[in-house]
2 protein chains.
Amino acid sequence: MPRPRIATIRDVAALAGVAVGTASKALNGQGSLRAETITRVRQAAEQLGFVANAAARSLQTRRTYTVGMITTDTIGRFSIPMLIGVEDALGAGRISVLLCDARDDPIRERHHLDVLLSRRVDGIIVTGRRAGTRPPIDAGPGVPVVYAFLASADPADCSVVPDEAGGAQAVLDHLTALGRSRIVHVTGPAHHHSARVRASVFPDSLYGAWSESWGRQAAAILLARGQHFDAVACGNDQIARGVTDALREAGHRVPHDVAVTGFDNWAVIAEASRPPLTSVDMDLAGLGRAAANLLLQAIAGNPATGTHTHPAHLVIRDSTVAVSP
Amino acid sequence: MPRPRIATIRDVAALAGVAVGTASKALNGQGSLRAETITRVRQAAEQLGFVANAAARSLQTRRTYTVGMITTDTIGRFSIPMLIGVEDALGAGRISVLLCDARDDPIRERHHLDVLLSRRVDGIIVTGRRAGTRPPIDAGPGVPVVYAFLASADPADCSVVPDEAGGAQAVLDHLTALGRSRIVHVTGPAHHHSARVRASVFPDSLYGAWSESWGRQAAAILLARGQHFDAVACGNDQIARGVTDALREAGHRVPHDVAVTGFDNWAVIAEASRPPLTSVDMDLAGLGRAAANLLLQAIAGNPATGTHTHPAHLVIRDSTVAVSP
DNA sequence: TCGTTCAAGGAAAACGATTTCCCTGACGCT
DNA sequence: AGCGTCAGGGAAATCGTTTTCCTTGAACGA
């Protein structure tokens, strides 16, 4: 059989016995039409399995209901929750997401940007993990851009970043409230922006790597130092897990002798630790939603500017407890 | 200043002093034009920052250079590498990916499907983690679909799945070659398709959950059973890590007394274990590439059918070693 | 010199919607 | 009866490209 050509609004109009313009109005609820006409057109559309061609529509309306999401570095663990949040917020507005992975390559990034512009996306969300800020992307006029997780270097751009310092402060407050006073911070590489920000609220910090093995090593260093400590606040969950394991195996009780905290609230690590880790949740899905909503506003003509911080919150598990009297 | 309207091919043609048709030919290298004309048009386009409107183009060419990727369950750890592989293979063909997250909700899935169809995507990749097969999606005629990771229930559809049984067999062969003969398999829930497939090659299996704590619990069960065993092949890396920790803490040496293997090769778990885990890598990125390439072929008019298995391979680390003589 | 052929590029018809006019009756009012 | 108003719906312009025809001159061979 001849492959049944996909139905156009022409076919619908013909079947319903009206003009194409009328069919369009009936399907979109525009203009003034008799109820009977509307249902006749709708039935015809239903019968033909008609789905409006988005390209044709956006040519006319100058809206594509598409936004691009560019990840600076490769899409990974941090991008996923944000992506979900973004999809969530945009899906409500019937907007789809075009995903672009720049892999830290400026050429790839430029190429993806050109593709997005040629598709006339309604807006762009830029994300990535690397540093604290990144050079703004050049998306010509009329295309709103929101930066998520990392901020644009241009403070006039609109960015949403997690409140990492606030999260760290929450840890410190929590530990202090538990009566812990000799707190050490163990975190990732000193050149890493997040490491420095998270460390900023603690008086004493050890820099290393973002890994469990560094956590174990750091615990050994702390024990060898011989100085008393009753809490270790870690720069991420993996370090915290390493610290926890090493302390336990050295005969120290976590959380009674030493409280330990993580950062990122990565369930697979934090919940599998013994004991499960108190950790900072940056609410990346919420951050993604926030970025998407700001983008929607910008698309609607109310662009926001400046860097907005999105609150983090503490998830308390068994690795922190008040000092024994 | 009046916002400079985005340049169209009309503007380019006017600036270059040619007709729009000619400009189009010059930019796309069609027809026969003088070299001088071509460069003149290209310069004009460059000067105006012209980028062709993809909607208008695809209206004409009936190609959108877009494919949709629908994830059945929520996009997560398994989708990422596949997504990267897909993007990789499609990016070469200048095709973009529209990401849709159905979250196990048939309504959402139907909605996303309609959106993709209205966008006239060139093809669709369906992925997800849940079961071994899933009902085929209803993407009208003319839109090729490839299922990745899980297969379509209709064997005439085109699917690409990891060779889980082959991976498990590779583990068994590896352990056997090391002289291990009393092998126990510890894996996830019995109702889970992957658990059963992976278990199928082992004579003795314990079903539980996909977690570290189940791994620890299983190790305790094995030790309490009192039967000798010299290897534990686990259904995933988290279980393997739990098993490893529990065995070590019970005074057994891994890998000398007992060899342990994981599955999935999830770096953050496998490499952080003590010792690092020998594990099966399903090459999800490669699987994504394979699926994308099959889709490209289908789009080009050569659809493949049937379920293709993509090979897995063993990554050998320190958790497996030959039995001491 | 007179067709032929061919390169070069213009004109216009698609592609599939939306939207703006405009036309036609029916109705109400004086 | 005459006039304005308004609901209902048709016709056609429009969005920005690509592609198919045409129309030119110029070169060329007989």
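Only this structure's heavy atoms are used, side chains among them; waters, hydrogens and symmetry mates stay out. Model, not experiment: these values are computed from the prediction.
If you check every strand for non-hydrogen atoms under 4.0 Å, T37(A) touches sugar and phosphate atoms only. Among the heavy atoms of the strands lying under 4.0 Å from R62(B) are primed sugar atoms or P, OP1, OP2 only; no base atom is included. Within the 4.0 angstrom heavy-atom criterion, base atoms lie near S32(A). When heavy atoms are screened at a 4.0 angstrom cut-off, S24(B) is found touching base atoms of the nucleic acid.
Atoms CG (L59(A)) and C1' (dT18(D)) sit 13 Å apart, rounded to a whole Å. In this structure, CD1 of I9(B) is placed 8 Å from C1' of dT18(D), rounded to the nearest angstrom. Protein atom CG of L33(B) is 14 Å distant from nucleotide atom C1' of dT18(D), rounded to whole Å. Y65(B) places its OH atom 16 Å from the P atom of dT17(D), with the value rounded to the nearest Å. The distance between atom CZ of R119(B) and atom P of dG16(C), rounded to the nearest whole Å, is 18 Å. Rounded to whole angstrom, the span from the CD atom of Q30(A) across to the C1' atom of dG8(D) amounts to 15 Å. Across the protein-nucleic acid pair, I6(B) atom CD1 and dT17(D) atom C1' stand 14 Å apart, rounded to whole Å. Atom pair R63(A):CZ and dG16(D):C1' shows a separation of 19 Å (rounding to whole Å applied).
Annotation: E36(A), atom CD; neighbour count of heavy atoms from other residues, nucleotides and ligands within 6.0 Å is above 12. Other residues, nucleotides and ligands place more than 12 heavy atoms under 6.0 Å from the CZ atom of F78(B).
Regarding contacts with the backbone of dC15(C), every side-chain N or O of N53(A) stays at 4.0 angstrom or more from both OP1 and OP2. Contact between the side-chain N/O atoms of R34(A) and the OP1/OP2 oxygens of dG9(D) is found at a separation under 4.0 Å. Of the side-chain N and O atoms in T8(A), none sit less than 4.0 angstrom from OP1 or OP2 of dG16(C). Look at R10(B) and you won't find any side-chain N or O under 4.0 angstrom from OP1 or OP2 of dG16(D). The side chain of T22(A) contributes an N or O atom lying less than 4.0 Å from OP1 or OP2 of dG10(D).
The base of dG8(D) has none of its N or O atoms less than 3.5 Å from a complementary donor or acceptor on the side chain of K25(A).
Between the side chains of R119(B) and T66(B), no donor-acceptor pair of N or O atoms lies under 3.5 Å. Side-chain contact annotation: S58(B) with R120(B), donor-acceptor N/O pair under 3.5 Å absent.
Of all the heavy atoms in L294(B) and C158(B), the pair that sits closest is CD1-SG, 3.9 Å. In terms of heavy atoms, V97(B) sits closest to L98(A) at O-CD1, 3.4 Å.
Shown are T133(A), D157(A), T307(A); of these, the side chain to side chain donor-acceptor pair (under 3.5 Å) with S152(A) is made only by D157(A). No option in R110(A), H111(A), H112(A) other than R110(A) meets the side chain to side chain donor-acceptor pair (under 3.5 Å) test with D114(A).
Sequence order on DNA chain C of the closest nucleotides to A52(A) and Q60(B) puts Q60(B) first from the 5' end.
At its two ends the helix from dT1(C)-dA30(D) to dT30(C)-dA1(D) runs along axes set 60° apart, each axis drawn from five pairs and the angle rounded to 10°.
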